[in-house]
**Student:** 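I have a structure I would like to understand better, so I am pasting it below and will then ask my questions one at a time.
Since we're looking at a predicted model, the values are computed, not measured. Below, chain A is the first sequence line, B the second, and so on; all start at residue 1.
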Amino acid sequence: MMDTRYNPEGVEERWQQTWEAEGHYHAEPDTTGEPYCIALPPPNVTGELHMGHALNASIQDMLIRWHRMRGFNVLWQPGYDHAGIATQNVIERELAKEGLSRHQIGREAFVARTWEWLERYGGIIMGQLRRLGASVDYRRERMTMDEGYVRAVLRWFVHLYDKGYLYRANRIVNWCPVCESAISDLEVNHIEEDDTLTWIRYPLAAGSGHLTIATVRPPTMLADTGVAVNPNDDRYKDLVGKEAIVPIAERRVPIVADERVEMEFGSGALKITPGHDPTDFEIGRDHGLEELAVIGLDGRMNEQAGEFAGLTQEETETGIVERLREQGLLEKQEPYRHSVGHCDRSGNRIEPLITLQWWCDMEELAAPAIQAVRDGRVRFYSARYTDVYLNWMENIRPWCVSRQLWWGHRIPVWYCPDGHTTAAESAPEVCGTCGSTELVQDEDVLDTWFSSALWPFATLGWPEQTPELETWYPNDVSSTDRGIIFLWEARMQMAGIELMSEIPFHSINIHSTVNAPDGRRMSKSLGTGIDPLETVKAHGADATRYGLLKMSSSQDVRFNMKMIEEGRRLANKLWNVARLILANTEAVEPDLRPRELEERWILARLDATRAELEARWSAFEFSPAVNALYHLTFDDFCDWYAEAIKSRLYDGDAEAQATALAALERLLRLLHPVMPHVSEEIWSQLPARESRLIKAPWPEPDDRYAEEADALTRVQEAAEMVRRSGVAPTLEADEQRILAAVVRQAGAKGDGDPTAEIERLRKEISRAEGMLANDRFVQRAPAEVVDAEREKLARYRRELEALTG
RNA sequence: GGGCGGUUAGCUCAGUUGGGAGAGCACCUGCCUUACAAGCAGGGGAUCGCGUGUUCGAGCCACGCACCGCCCACCA
């Protein structure tokens with residue numbers, strides 16, 4: 001027996017190089033065809049391909065290739081995100097290996113070094129995407145810090161500044177002591193942690209007695225400037241307006257009433273530390289309380305912390321608890337579990353601190369972006385994310401956009417000695433307010449997401465009015481992970497509508513999150529990551545794409561290698577059936593004028609699948625689509641059609657050969673968006689009219705044989721009967737021929753005993769008779785349901801009769 | 001605390017307006033059959049998480065509960 005397996009290795013790389021070299025990936029605005037554009041979500045420039053990227057690339061490439069075949073002028077725009085904090089952390093780690101810090105080498109050298117590093121080690125994902133067969137236009141690669149993009153970001157900043165949305169303010173922010181920067185609310189992860197709740201007595205200033213407060217952060221008491229109780233709390237009514245004394249700090253602070261205090265929690269009294277807690281900050285501002293800081297930017301106690309200055313918070317807590325115990329002011333300590341904010345990047349605990357930052361008010365930007373989703377101009381797939389988006393947008397809060405980093409877009413604002421601010425796209429000569437020439441630029445950079453919000457149009461040339469922008473804006477689809485609906489999707493909507501006066505794209509596909517096989521998150525640190533390039537190496541890019549699409553059905557999926565293997569088997573099956581047909585066709589042209597039943601039937605099935613694929617893909621339903629391709633190929637094409645025509649192929653039946661070639665051609669077109677390599681490889685061996693499958697037209701609807709879609713049902717049922725009982729029902733001549741071919745190929749004989757089959761039919765008849773005897777069913781069920789039941793009953797009776805004579 | 005998703009065969013999961021409980025893998029049986037053993041033909045295996053309700057009829061709809069996961073959130 002000849003062992004023939006399809007080996008994707010080499011084949012896939014060859015086609016990837018050919019397609020790219022022949023320019024099939026490249027788009028030009030003046031090409032004919034309706035524009036279709038997807039902007040690849042820019043991966044971090046320091047990043048590597050992980051399973052989420054691979055899934056999203058498979059989805060987008062499937063859409064892109066499908067539309068390319070349909071004749072659209074397709075652009076899949078690639079590029080990178082400069083990834084401010086992530087990249088800076090990488091370079092700082094590099095420096096640390098040499099025993100250096102960024103402060104030692106200075107800002108200019110640090111930024112230069114970052115560019116050098118990126119030149120050498122960055123941007124490897126595009127190569128990895130190539131290996132997956134992703135047909136992005138690699139000639140149009142952009143980066144959120146390339147020259148043109150920088151201009152776009154500056155324009156965006158000045159635009160928002162001029163409209164009064166951007167302003168500088170001293171507020172409490174999420175400070176990451178490791179990143180040494182503020183971060184936005186969206187970059188904070190709340191994680192449950194075991195902690196200790198400490199109950200502390202604050203003596204009353206007048207007379208005797210005390211008030212007890214409960215806190216998880218005793219060190220912050222050194223910056224307490226008030227105590228708050230709920231105005232409805234009878235226990236403390238008389239104390240409102242009086243003063244308490246903060247122990248250790250020995251500070252007299254007012255007791256205020258505020259509804260944000262929960263009576264049920266702790267003692268019902270809340271120590272107020274406006275400088276180190278977001279809620280306290282707001283309560284403090286509303287009551288005019290002083291704002292003190294005892295914790296510095298490094299997370300350690302600062303000089304205001306008196307005897308604790310320079311200590312860590314843990315050391316300080318120990319010291320404070322000890323002192324309170326000595327003074328008899330420590331009531332109790334108890335274990336307490338609560339959620340604590342952590343930096344999304346460094347994983348470090350967030351330190352709420354008051355610092356001077358740039359903020360952007362979002363309500364007015366959000367309003368039209370809310371409207372666009374509400375009225376359906378922008379749709380989420382699945383639709384359930386619509387509410388997630390709307391809920392966040394309707395409660396949107398000011399965005400802290402400044403970062404105390406060196407890698408990023410430097411804030412285009414200059415200050416004069418009098419403190420006036422001048423925002424400009426290029427360095428101004430004089431202060432816009434007083435004309436001073438002593439200008440100093442803001443030291444900070446912008447949040448990475450501030451620039452990526454412009455991705456759908458800045459990559460097309462904005463702020464220049466380019467032909468690309470004219471052609472491909474708005475884009476069509478954005479496909480991303482649900483984790484960045486707010487960080488990115490929402491902000492692209494806002495920026496697009498604000499700057500382009502038009503939504504950036506009409507469809508937002510939120511793809512599945514691929515977890516490890518055990519259900520945990522895929523992550524390098526957990527050791528649960530699976531490298532998509534490994535599965536490409538083991539099973540091929542086609543198989544990997546197929547498997548990922550097959551898996552991506554619900555919102556969370558467990559990675560399942562069996563699905564990739566299924567893809568590999570599909571590629572192998574396709575390869576082999578193509579060998580059967582190609583080995584038995586000589587000098588015939590593909591011809592779609594079938595004579596025989598099985599030929600009309602396979603063409604009907606091919607067209608039905610085409611229609612199903614179109615419906616599924618239009619609805620961003622990928623798993624049912626690849627499932628349909630699998631069953632079309634295995635069941636319909638190979639197990640039935642190919643088996644039925646095999647002997648005619650051997651016999652040199654030219655018409656059967658011509659039809660087989662045409663049917664194979666059509667099958668390959670349907671498979672190409674999902675499995676481009678194997679389909680192109682087979683295509684190249686066909687006498688096809690188009691030189692490349694990648695640019696061959698997607699099949700037009702062809703309903704000539706639609707009524708034949710179920711033509712083989714009777715044969716298939718007959719085959720089952722034969723295999724079970726050895727007895728066949730009466731069939732038409734052509735049906736009989738197909739049955740003979742398939743049963744002979746299968747080598748199944750049956751034992752000639754119809755007993756089991758008779759029993760099965762009697763059970764079915766009894767069930768159907770029961771239903772039809774139910775008056776309420778017959779009267780109330782839809783007519784077609786009742787009719788179908790009657791037909792089934794009739795058929796079962798006929799078959800039973802055939803068996804029993 | 002609020003919201004969303006999930007719970008179907010041993011495993012991973014489909015199940016599209018309510019009408020025959022499915023696929024792949026795994027397992028069992030028979031086959032090297034001039035495309036494919038990475039294959040072909042067949043088979044066993046499910047109280048559809050639990051409960052109540054609506055309906056002639058519920059995996060699907062309504063209400064409640066349990067468990068798992070995710071998102072949002074200023075109870076220290």
Side-chain angles (χ1 to χ4, degrees), chain A residues 1-6 172 185-186 190 197 213-217 220 228 260-267 269-273 277-283 336 338-339 352 382 384-385 387-388 391-392 395 482-483 485-486 513 515 517 519 539 550-551 553-563 565-566 568-584 612 615-616 619 621 623-624 627 630-631 638-639 642-643 646 649-650 719-720 723-724 742-750 764 767-768 771 774-782 784-786 788-789 792:
Chain A
M1 216 31 258
M2 186 164 53
D3 173 37
T4 307
R5 299 171 179 178
Y6 169 63
I172 197 146
D185 295 341
L186 287 175
H190 294 272
L197 190 63
I213 59 89
T215 180
V216 291
R217 300 189 65 194
T220 64
R260 280 164 285 201
V261 179
E262 297 288 335
M263 291 192 283
E264 293 74 28
F265 188 91
S267 63
L270 174 64
K271 68 191 257 318
I272 301 298
T273 322
D277 182 275
T279 309
D280 293 7
F281 175 80
E282 286 179 22
I283 293 176
Y336 180 62
H338 67 140
S339 69
S382 301
R384 65 166 171 274
Y385 291 109
D387 285 341
V388 175
N391 190 40
W392 185 76
N395 297 292
R482 65 166 184 265
I485 290 174
F486 310 137
T513 302
N515 290 321
H539 304 297
K550 180 82 183 258
M551 282 177 237
S553 44
S554 52
Q555 74 170 16
D556 280 305
V557 298
R558 294 177 180 214
F559 181 82
N560 184 355
M561 194 61 92
K562 298 286 183 201
M563 296 297 171
E565 290 165 10
E566 187 177 307
R568 183 191 60 187
R569 290 191 301 110
L570 177 56
N572 188 55
K573 191 72 178 173
L574 189 67
W575 172 250
N576 275 296
V577 79
R579 282 178 56 242
L580 167 71
I581 292 172
L582 287 165
N584 291 286
E612 179 173 5
R616 294 297 189 180
E621 295 168 358
S623 183
N627 202 43
Y630 181 90
H631 289 289
C638 294
D639 295 347
E643 292 298 342
K646 212 183 217 175
L649 291 184
Y650 294 151
E720 266 181 59
R723 283 167 187 142
R724 264 201 297 267
V742 171
V743 170
R744 190 186 67 231
Q745 291 296 338
K749 300 287 189 298
E764 292 289 353
R767 186 192 59 80
M771 278 187 84
N774 181 341
D775 288 344
R776 282 181 297 191
F777 168 70
V778 175
Q779 283 159 20
R780 301 194 194 183
E784 59 267 30
V785 173
V786 178
E789 208 57 46
K792 267 189 258 177

**Student:** Taking only residues two or more places apart in sequence or in another chain, which ones pass side-chain contact (heavy atoms from CB on, under 4.5 Å) with A/N391?
**Tutor:** A/N395
**Student:** Check the phosphate of B/A35 against A/K646, side-chain N and O only, distance under 4.0 Å to OP1 or OP2. Yes or no?
**Tutor:**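 Yes.
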**Student:** My understanding is that only residues two or more places apart in sequence, or in another chain, count here; which of them pass side-chain contact (heavy atoms from CB on, under 4.5 Å) with A/E282?
**Tutor:**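 Applying side-chain contact (heavy atoms from CB on, under 4.5 Å) to A/E282 gives A/R260.
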**Student:** What is the distance from OH of A/Y385 to P of B/C4, rounded to the nearest Å?
**Tutor:** 13 Å
**Student:** Please determine whether a side-chain nitrogen of the Lys or Arg among A/E565 and A/R568 lies less than 4.0 Å from a carboxylate oxygen of the Asp or Glu.
**Tutor:** no
**Student:** Sugar-phosphate means primed atoms, P, OP1 and OP2; the rest is base. With that split, encode nucleotides 69-76 of chain B 5' to 3' as B, S or - using protein heavy atoms under 4.0 Å.
**Tutor:** BS-SBBBB
**Student:** Would you check, one step at a time, whether the test side chain to side chain contact (heavy atoms under 4.5 Å, CB included) holds for A/D185 with A/F486?
**Tutor:** CA-CA 11 Å; A/D185 295 341; A/F486 310 137; over 6 Å; no
**Student:** Rounded to the nearest Å, what distance is computed from the CZ atom of residue A/R776 to the P atom of nucleotide B/G18?
**Tutor:** 20 Å
**Student:** Charged N to carboxylate O under 4.0 angstrom, A/D556 versus A/R482?
**Tutor:**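 Salt bridge present between A/D556 and A/R482.
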**Student:** Could you check whether the side chain of A/E566 and the base of B/A23 have a donor-acceptor pair of N or O atoms closer than 3.5 Å, going by distance alone?
**Tutor:** no
**Student:** Starting at CG of A/N560 and ending at C1' of B/A14, how long is that distance when rounded to a whole Å?
**Tutor:**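 It is 13 Å, rounded to the nearest whole Å.
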**Student:** Between C1' on B/A38 and CZ on A/R569, what's the gap in Å once rounded to a whole number?
**Tutor:**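 Atom CZ in A/R569 sits about 7 Å away from atom C1' in B/A38.
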**Student:** What integer number of Å spans the P atoms of B/C32 and B/A41?
**Tutor:**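 That atom pair is separated by 16 Å.
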**Student:** Say we look at B/U16 and B/U7: how far apart would their P atoms be, to the nearest angstrom?
**Tutor:**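 The answer is 12 Å between these two P atoms.
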**Student:** Could you check how far OH of A/Y630 sits from C1' of B/A38, rounded to whole Å?
**Tutor:** 11 Å
**Student:** Atom CG of A/L649 to atom P of B/A35: distance rounded to whole Å?
**Tutor:** 10 Å
**Student:** If you round to the nearest 0.5 Å, how far is CG of A/L270 from CD1 of A/I213?
**Tutor:**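 Going from the CD1 atom of A/I213 to the CG atom of A/L270 covers 8.0 Å.
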**Student:** So, using side-chain contact (heavy atoms from CB on, under 4.5 Å) as the criterion, who are the partners of A/H338 when residues are at least two apart?
**Tutor:** A/D195, A/V216, A/Y336, A/V340
**Student:** Convert the base pairs of RNA chain B into dot-bracket notation, remembering that pairs crossing earlier ones are written with [ ] and that bases paired across to another strand are shown as |; include only Watson-Crick or G-U pairs under 3.5 Å.
**Tutor:** (((((((..((((.....[..)))).(((((.......))))).....(((((..]....))))))))))))....
**Student:** Can you tell me, in whole Å, how much space there is between the P of B/C13 and that of B/G49?
**Tutor:**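 Rounded to whole Å, the distance is 15 Å.
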**Student:** Tell me: CD of A/E565 to P of B/G39, nearest whole Å?
**Tutor:**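 Computing the A/E565:CD to B/G39:P distance gives 11 Å.
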**Student:** I'd like to check the side-chain contact (heavy atoms from CB on, under 4.5 Å) partners of A/E621; sequence neighbours left out, ordered by chain and number.
**Tutor:**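 A/E621: side-chain contact (heavy atoms from CB on, under 4.5 Å) contacts with A/R616, A/A619, A/P624.
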**Student:** For B/U12, does either OP1 or OP2 sit under 4.0 Å from a side-chain N or O belonging to A/R558?
**Tutor:** yes
**Student:** Think A/K573 has a side-chain N or O under 4.0 angstrom from the OP1 or OP2 of B/C40?
**Tutor:**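 It does, given that an N or O in the side chain of A/K573 lies less than 4.0 Å from OP1 or OP2 of B/C40.
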**Student:** Classify the side-chain pair A/N576/A/R579 by whether it contains a donor and acceptor separated by less than 3.5 Å.
**Tutor:**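 Judged by distance alone, the side chains do pair up.
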**Student:** Rounded to whole angstroms, how far apart are NE2 on A/H631 and P on B/A14?
**Tutor:** 14 Å
**Student:** Does A/Y650 put a side-chain nitrogen or oxygen below 4.0 Å from OP1 or OP2 of B/A35?
**Tutor:**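 It does, given that an N or O in the side chain of A/Y650 lies less than 4.0 Å from OP1 or OP2 of B/A35.
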**Student:** On RNA chain B, compare the nucleotides closest to A/C638 and A/K562; which residue's is nearer the 5' end?
**Tutor:** A/K562
